[in-house]
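Beneath this line is the structure, given in structure tokens, with notes to follow.
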Amino acid sequence: GIQFPVYEYLKAEARLQSDKNEESSFDLLLASGISKMIATSVTYPHEVVRSRMMDYRGEDKTRKGLVQTVKRIVRNEGWKAMYTGIHVSLVRVVPNCCITFMTYEMILRYARAYIAEN
């Protein structure tokens, strides 16, 4: 629930700055990339904890809870460990998001223009 509101906000801001009241392709790429980076940054600790909980499945049952896992990570590795691997994740997901959102927006734009002409 983080990425889409940020994306729509950035798109609206780009539209306001435009002389044609329409986002450019670059604006759409920027909005999609920034919104994905923000969403990933906010939610990434959850992914780390989830992954670690899966890693701890075979261990003692008392050490499997969410709070215990967060405490274990922070105690043993520090707060920075909650973002371990985020750079790899961003390199993987941001380009995909940009392509997906840009494709959607361009198809939508062309479809609306086609419908308006006919």
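We're numbering straight along the sequence, starting at 1. All of these numbers come straight from a predicted model, not from anything done at the bench.
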Checking the side chain of [X] only, and the main-chain atoms of [Y] only, is there a donor and an acceptor separated by less than 3.5 Å?
X	Y	answer
Tyr44	Gly85	yes
Asn118	Tyr114	yes
Thr84	Ala81	yes
Ser18	Ala14	no
Ser41	Met37	yes

**Asked** Taking the six-membered ring for Trp, are Phe101 and Tyr7 parallel (under 30°), tilted (30 to 60°) or perpendicular (over 60°)?
**Response**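 Ring orientation of Phe101 relative to Tyr7: perpendicular.
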
With a 4.5 Å limit on heavy-atom distance, are the side chains of [X] and [Y] in contact?
X	Y	value
Leu10	Leu30	no
Asp55	Arg52	yes
Val49	Met82	yes

request  = Please report the shortest heavy-atom distance between Thr103 and Ile99, naming the atom on each side.
outcome  =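 Answer, listing the atom of Thr103 first, then Ile99: OG1-O, 2.7 Å.
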
Smallest heavy-atom separation, Gln3 atom then Cys97 atom, equals NE2-SG, 2.8 Å

Same apolar cluster (I L V M F W Y, side chains within < 4.5 Å links), [X]/[Y]:
X	Y	result
Tyr9	Phe4	no
Val42	Val6	yes
Val70	Met53	yes
Trp79	Ile86	yes

Set out, in order, the CA-CA distance, both residues' side-chain angles and the distance that settles side chain to side chain contact (heavy atoms under 4.5 Å, CB included) for Lys11 and Arg15, then state yes or no. CA-CA 6 Å; Lys11 247 181 36 172; Arg15 197 176 311 117; 3.8 Å; yes

inquiry  = Using the rule side chain to side chain contact (heavy atoms under 4.5 Å, CB included), only one of Val94, Leu90, Ile2 pairs with Thr40; which is it?
reply    =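 That would be Leu90.
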
Let me confirm one number: the [atom1]-[atom2] distance from [X] to [Y], rounded to the nearest 0.5 Å.
X	Y	atom1	atom2	value
Leu66	Lys71	CG	NZ	11.0 Å
Met102	Thr100	CE	OG1	12.0 Å
Thr43	Arg50	OG1	CZ	10.5 Å
Leu16	Glu23	CG	CD	9.5 Å

- [ ] Mind running side chain to side chain contact (heavy atoms under 4.5 Å, CB included) on Lys36 and Cys98 for me, showing each step along the way?
- [x] CA-CA 8 Å; Lys36 186 62 172 180; Cys98 290; over 6 Å; no

